[in-house]
Amino acid sequence: MAVIVNSIGNLGYVANSQTNQSFHPFKIEEDEAEIDSKKAEIETSRKEYAEFIQSSNAIYQETTPTQLVNKQTNSINIVTGVYYNLGTVNGKPLNGPPLASGGFNSNFSLEIWKVPGSSIVTPEQESALKMRQSYSLPERQEANELVAVFMSLSRLAEGKKSVASMNDDAIFAQHFPKFAEGIGLDLSQPFTINGKSFTYSQGTLQTIDTED
């Protein structure tokens, strides 16, 4: 009888032990996943900051921009990180790169970064402030509208925006012809954006279906 009782008791202990063992590894994996997620978030933030600094330096140094349009083929090729010219605003060139993290860092809307908790003004902050002050509010507004057109075209090329949504976009409808003129895109002819073909007539953007 004693042997049977001890056997049952031992089985219960073993069962509890196995349950605890099966639980703890799962909890550890969850913690590791959280740590990995935080590491990924930190790494993404670091890359975004490094990208912003690189693009800002290109603006400070007045890097020669790449022309957005190949006029021989009437085509646009948008590549992240390339320093483009998007035409002019009141005779002043609008330059900057599209960022992998999203958005566009232009010389008209250069952000002023401040180190948290620091009252030190860096040379980069002074340069950014002087650059922003060199443009009037209407000029910055117009630059933002042209950048918005560019970003819409970029999302269209990536398949993140449809032609129908482009035609329903009030900013695109109002400013695309001026944007196209500024970058040298001929809207009287078909054109391509990252290999996709389009036409623009009477205020309407249309896709040209191509067969292989």
Side-chain angles (χ1 to χ4, degrees), residues 38-73 75-158 160-161 169 171-172 174-185 191 193-194:
K38 289 179 180 178
K39 285 182 178 179
E41 185 177 339
I42 291 171
E43 179 63 14
T44 298
S45 178
R46 185 192 67 79
K47 287 181 178 179
E48 289 179 355
Y49 181 73
E51 181 185 42
F52 173 80
I53 293 299
Q54 281 185 327
S55 62
S56 296
N57 285 338
I59 293 173
Y60 296 144
Q61 296 166 10
E62 297 184 349
T63 301
T64 301
T66 297
Q67 296 304 306
L68 184 58
V69 174
N70 182 331
K71 295 183 179 180
Q72 292 182 336
T73 57
S75 61
I76 293 175
N77 189 40
I78 300 174
V79 179
T80 299
V82 175
Y83 191 69
Y84 290 114
N85 171 253
L86 302 188
T88 61
V89 175
N90 197 23
K92 303 173 183 178
L94 170 58
N95 301 325
L99 306 176
S101 54
F104 188 92
N105 192 15
S106 87
N107 54 312
F108 278 77
S109 59
L110 191 63
E111 293 186 43
I112 303 173
W113 283 71
K114 181 179 181 298
V115 179
S118 174
S119 60
I120 298 174
V121 177
T122 66
E124 291 78 13
Q125 289 171 335
E126 287 185 347
S127 297
L129 181 59
K130 288 178 181 178
M131 189 167 289
R132 284 180 66 87
Q133 290 176 336
S134 69
Y135 305 114
S136 67
L137 182 59
E139 288 173 340
R140 291 201 299 271
Q141 177 63 33
E142 183 178 340
N144 288 339
E145 291 164 347
L146 295 178
V147 168
V149 171
F150 171 84
M151 294 307 299
S152 290
L153 294 175
S154 179
R155 287 190 286 270
L156 177 68
E158 294 173 359
K160 296 178 179 179
K161 195 165 185 176
D169 187 328
I171 291 179
F172 179 80
Q174 181 178 355
H175 299 285
F176 180 53
K178 181 176 181 178
F179 175 83
E181 181 181 2
I183 62 174
L185 184 68
F191 57 92
I193 304 174
N194 287 25

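Because the structure is predicted, anything quoted here is derived from the model rather than measured.
For Phe104 against Leu86, the heavy-atom pair with the smallest separation is CZ-CD1, 3.6 Å. Residues Leu185 and Phe191 come closest through the heavy atom pair CD1-CB, 3.8 Å. Here the closest non-hydrogen pair linking Ser152 and Lys161 is OG-NZ, 3.2 Å.
Looking at Asn107, its side chain never comes within 3.5 Å of a backbone N or O of Ile59 through a donor-acceptor pair. A donor-acceptor contact shorter than 3.5 Å links the side chain of Arg140 to the backbone of Arg132.
Side-chain contact between Asn194 and Val79 is absent, with no heavy-atom pair separated by less than 4.5 Å. Counting only heavy atoms from C-beta outward, the side chains of Ile183 and Ile76 approach each other to under 4.5 Å. Contact annotation: the side chain of Phe108 never approaches that of Val147 to less than 4.5 Å [non-hydrogen atoms, C-beta and beyond]. Within the 4.5 Å cutoff, no side-chain heavy atoms of Phe150 are placed close to those of Leu153.
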Please table the atom pairs, donor to acceptor, closer than 3.5 Å between any side-chain atom in residues 91-103 and protein atoms at least two apart or in another chain.
residue: Lys92; atom: NZ; partner: Ser134; partner atom: O; Å: 3.3
residue: Lys92; atom: NZ; partner: Glu139; partner atom: OE1; Å: 3.1
residue: Lys92; atom: NZ; partner: Glu139; partner atom: OE2; Å: 3.2
residue: Asn95; atom: OD1; partner: Asn85; partner atom: ND2; Å: 2.9
residue: Ser101; atom: OG; partner: Glu51; partner atom: OE1; Å: 3.1

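A donor-acceptor contact closer than 3.5 angstrom is absent between the side chains of Tyr135 and Asn90.
Atom CD of Glu181 has 12 or fewer heavy atoms from other residues, nucleotides or ligands within 6.0 Å.
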